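The basis for the numbers below is simple: all heavy atoms, side chains too, and nothing from hydrogens, waters or symmetry mates. From a predicted model like this one, the values you see are computed outputs, not experimental measurements.
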Amino acid sequence: MWNRSISLPVKKTTTQNADGLLNEKWEFVKGIPASFKDTTRADETLANQCGYGVDVIVEIMACNYNQASFFVDEATGQTYDIRRTHWKERSMR
């Protein structure tokens with residue numbers, strides 16, 4: 001059922017260095033079981049109509065989602081923006 005895992009951000013700490021530049025550091029909840037799925041033509045069409053592209057569909061348990069705006073694929077280290085969320089009817093995913 002679950003074929004990978006993701007990390008979701010929970011807290012951002014911002015510090016300022018001596019040059020006045022801001023450094024952001026995120027704390028993550030790691031090891032969240034996820035199911036990565038291929039996109040369908042309908043998903044790609046809807047995303048294009050909304051002005052963005054879709055790379056992957058990720059399914060996780062609803063109790064693990066914290067309204068984050070991005071997640072990290074733990075297998076590749078790639079960061080993905082979350083553009084749209086959807087709960088299946090009578091499902092906890």
Side-chain angles (χ1 to χ4, degrees):
M1 181 168 152
W2 308 116
N3 58 8
R4 282 166 132 164
S5 62
I6 65 169
S7 298
L8 286 172
V10 289
K11 183 178 178 184
K12 177 173 78 168
T13 306
T14 305
T15 58
Q16 190 171 11
N17 66 11
D19 296 329
L21 299 174
L22 297 177
N23 296 322
E24 294 180 347
K25 182 173 178 167
W26 287 92
E27 292 180 27
F28 291 90
V29 174
K30 297 183 179 187
I32 298 171
S35 180
F36 279 64
K37 299 179 179 182
D38 292 331
T39 59
T40 64
R41 184 75 172 148
D43 296 325
E44 292 174 3
T45 302
L46 179 63
N48 286 333
Q49 289 174 349
C50 294
Y52 59 87
V54 61
D55 294 330
V56 68
I57 296 172
V58 178
E59 185 177 64
I60 64 172
M61 295 298 290
C63 61
N64 291 326
Y65 184 57
N66 61 1
Q67 305 299 322
S69 61
F70 68 95
F71 70 91
V72 177
D73 179 3
E74 292 182 351
T76 63
Q78 177 141 3
T79 302
Y80 293 94
D81 288 331
I82 299 172
R83 297 295 183 134
R84 189 174 145 214
T85 60
H86 168 21
W87 275 268
K88 293 180 183 178
E89 191 173 323
R90 290 187 245 171
S91 174
M92 290 304 296
R93 293 189 233 153

* Asked: Is the closest side-chain heavy-atom distance between Val58 and Tyr80 below 4.5 Å?
  ->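 Contact flag for Val58/Tyr80 side chains = no.
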Quick check: does any side chain N or O of [X] sit under 3.5 Å from a backbone N or O of [Y], one acting as donor and the other as acceptor?
X	Y	answer
Asp81	Arg83	no
Asn17	Asp19	yes
Glu74	Arg4	no

* What do the steps show when you test Asn64 against Ile6 for side chain to side chain contact (heavy atoms under 4.5 Å, CB included), and what is the final call? -> CA-CA 10 Å; Asn64 291 326; Ile6 65 169; over 6 Å; no
Supply the atom-to-atom distance [X] [atom1] to [Y] [atom2], rounded to the nearest 0.5 angstrom.
X	Y	atom1	atom2	answer
Asn23	Thr14	CG	OG1	9.0 Å
Lys30	Leu8	NZ	CG	12.5 Å
Lys25	Lys11	NZ	NZ	11.0 Å

Applying a strict under-4.5 Å side-chain criterion to I, L, V, M, F, W and Y, I'd like to know whether [X] and [Y] cluster together.
X	Y	result
Ile60	Val56	yes
Ile82	Trp87	yes
Val29	Tyr65	yes

* To do: Tell me, with the steps shown, if Asp73 and Phe36 meet side chain to side chain contact (heavy atoms under 4.5 Å, CB included).
  => CA-CA 10 Å; Asp73 179 3; Phe36 279 64; 3.8 Å; yes
* To do: State, to 0.1 Å, how close Ala34 and Trp2 come at their nearest heavy-atom pair, and which atoms those are.
  =>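 Shortest heavy-atom separation between Ala34 and Trp2 comes out as C-CE3, 3.5 Å.
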* Heavy-atom pair of closest approach, residues Gly31 and Ser7 ->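 Smallest interatomic distance, heavy atoms only, reads N-OG, 4.5 Å.
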Result block: side-chain N/O donor-acceptor pairs under 3.5 angstrom for residues 43-55, not counting sequence neighbours:
| residue | atom | partner | partner atom | Å |
| --- | --- | --- | --- | --- |
| Asp43 | OD2 | Thr40 | N | 3.2 |
| Asp43 | OD2 | Thr40 | OG1 | 2.9 |
| Glu44 | OE2 | Thr39 | OG1 | 2.9 |
| Thr45 | OG1 | Arg41 | O | 2.9 |
| Asn48 | ND2 | Glu44 | O | 3.2 |

